Amino acid sequence: MHTLQTCQQLDATDPLAALRDQFTLPEGVIYLDGNSLGVLPKTAAARVAEAVTEEWGQGLIRSWNSAGWFSLPQRLGDKIARLVGAKPGELVATDSTSINLYKVLSAALHIAGEDAPARKLIVSERSNFPTDLYIAEALCKERGYRLQLVEPDEIAAALTPEVAVLMLTHVNYRTGAMHDMAAVTAAAHAAGILTVWDLAHSAGAVPVDLNGAGADFSIGCGYKYLNGGPGAPAFVWVHPRHADRFWQPLAGWWGHASPFAFTPDYQPAPGIGRYLCGTQPILNMTALDCGLDTVLAAEPLGGMAALRAKSLALTDLFIALVAQRCGGHGIGLATPRDHAARGSQVCLTREHGLGGADSGAFAIVQALIARGVIGDYRAGDGGAHKDILRFGLTPLYIGFADVWHAVEHLRQVLESGEWQQPAFNQKHAVT
Ligand SMILES: *Cc1c(COP(=O)(O)O)cnc(C)c1O
């Protein structure tokens with residue numbers, strides 16, 4: 001039996017508890033949405049202000065050199081590399097996740113087209129994040145490929161001789177289910193298939209070892225668990241065995257071997273440098289730098305392994321408390337109980353019928369937000385994929401008592417039926 005007291009005891013002995021002091025969190029808020037937009041590092045406001053007033057205001061164009069603006073994609077890339085099992089110089093911070101996916105998927109199709117031209121399929125998961133599926137669909141049209149969507153348990157059987165690329169998101173945004181990257185990559189390679197891994201819900205959330213898994217291509221997001229702020233640059237990694245083989249399709253001048261030679265022809269930079277395109281958003285990169293430092297601050301305390309241990313303890317506690325205290329309201333669990341198959345979020349379902357045709361999941365989340373417990377809702381498809389109440393548990397700033405209070409609010413929202421108020425059923429542009 002968990003009680004508020006046992007949760008408070010866990011906080012008192014948590015070796016990572018002090019990391020929370022790195023952040024500015026609003027009073028009265030339990031923030032369970034760091035998987036969508038990470039929180040504000042205390043250093044970011046002053047650091048971005050300095051970049052504006054000193055580097056831009058006083059340094060002006062000199063700051064490309066004197067403030068190190070030009071090398072930010074590589075310098076931030078080297079920090080991210082430490083979190084995802086990449087080596088220095090193998091990864092850059094740049095552009096958005098969607099754009100980086102376009103680059104790497106395009107390069108993967110080039111390689112497959114040369115090495116195995118008869119393979120004309122890209123395989124992905126039906127419940128992959130839509131932008132990944134849309135980008136793949138667009139590239140399929142452009143290059144004469146077909147996108148085949150499967151359920152997670154159908155992936156192994158889908159690795160046929162027709163498949164060129166397996167494109168997966170490591171931790172599923174809707175369910176929090178995590179793939180075994182090493183095992184899936186090995187199975188794909190054994191079948192002659194290249195892998196593209198989206199780490200949007202993994203980088204800074206779970207230990208990742210891109211080189212250890214022998215992955216081919218990877219991308220990920222800067223504004224989720226890396227706390228880089230809204231619109232923060234994403235990242236892109238390509239295994240060195242592939243990095244020099246092809247131009248990526250957005251061959252802009254920042255990816256040129258010597259951009260300031262201003263030659264009319266394109267000469268790609270060696271390695272990952274060619275995955276840059278054009279001028280970077282320096283102010284956003286400055287904020288991302290602060291966000292990365294908040295995650296790297298865990299390194300002396302055990303790094304991603306220690307964050308992972310706490311994340312699993314938090315998600316275990318959340319799952320146990322929901323079972324213990326929220327019974328009888330049609331709440332189910334979409335996230336795997338198996339630690340090896342779980343990311344850093346807990347996703348709940350709600351049975352249709354109890355709230356009429358509507359599952360009530362959206363309104364329950366709105367009622368929680370009104371109480372200061374910020375999670376989010378992801379719509380189902382009316383079929384096998386149910387409406388989801390999603391709660392990201394970020395061990396950098398969430399404690400065990402926070403989990404207790406969040407589940408207590410959920411219990412009260414369900415028992416009181418307050419979620420049925422019309423105000424909580426009003427949908428806005430962003431859910
Ligand atoms: C959040 C997320 C994205 C976001 O892409 P943007 O280009 O930053 O909008 C992409 N893929 C996955 C799997 C995500 O979770």
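Order of appearance sets the numbers: ligands from 1, and atoms from 1 within every ligand. From a predicted model like this one, the values you see are computed outputs, not experimental measurements.
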Using a strict 4.0 Å threshold on nitrogen-to-oxygen distance, state whether [X] and [Y] make a salt bridge.
X	Y	value
Lys42	Asp21	no
Glu162	Lys120	no
Asp402	Arg20	yes
Asp115	Arg245	yes
Asp289	Lys79	yes

What protein heavy atom sits nearest [atom], and how far away is it?
atom	result
atom 5 (O) of ligand 1	Thr97 CB, 3.5 Å
atom 9 (O) of ligand 1	Tyr223 OH, 3.5 Å
atom 1 (C) of ligand 1	Lys224 NZ, 1.4 Å
atom 7 (O) of ligand 1	Ser98 OG, 2.6 Å

Quick check on contacts: which atoms of ligand 1 are under 4.0 angstrom from a heavy atom of [X]?
X	answer
Ser96	7 (O)
Asp132	10 (C), 11 (N), 12 (C), 13 (C)
Thr169	13 (C)
His201	15 (O)
Asp198	10 (C), 11 (N), 12 (C), 13 (C)

- prompt: Which bit of Leu101 gets closer than 4.0 Å to ligand 1, counting heavy atoms only: side chain, backbone, both or neither?
  reply: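 It is neither part, as no heavy atom is under 4.0 Å.
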
- prompt: Side chain, backbone, both or neither: which part of Ala200 comes within less than 4.0 Å of ligand 1 when only heavy atoms are counted?
  reply: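 For Ala200, only side-chain atoms sit under 4.0 Å from ligand 1.
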
- prompt: Of all heavy-atom pairs between Thr294 and Leu396, which one has the smallest distance, and what is that distance?
  reply: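 Reported closest heavy-atom pair: O-CD2, 3.6 Å.
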
field: N/O separation below 3.5 Å, Asn128 to ligand 1
entry: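 N/O-N/O distance under 3.5 Å: no.
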
- request: Measure the acute angle between the ring planes of Tyr31 and Tyr397, then classify it against the limits of 30° and 60° as parallel, tilted or perpendicular.
  value: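 Because their plane-to-plane angle lies in the 30° to 60° range, the rings of Tyr31 and Tyr397 count as tilted.
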
field: Mutual orientation of the aromatic rings belonging to Tyr173 and Phe129 [parallel < 30°, tilted 30-60°, perpendicular > 60°]
entry: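 If you compare the ring of Tyr173 with that of Phe129, the planes turn out perpendicular.
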
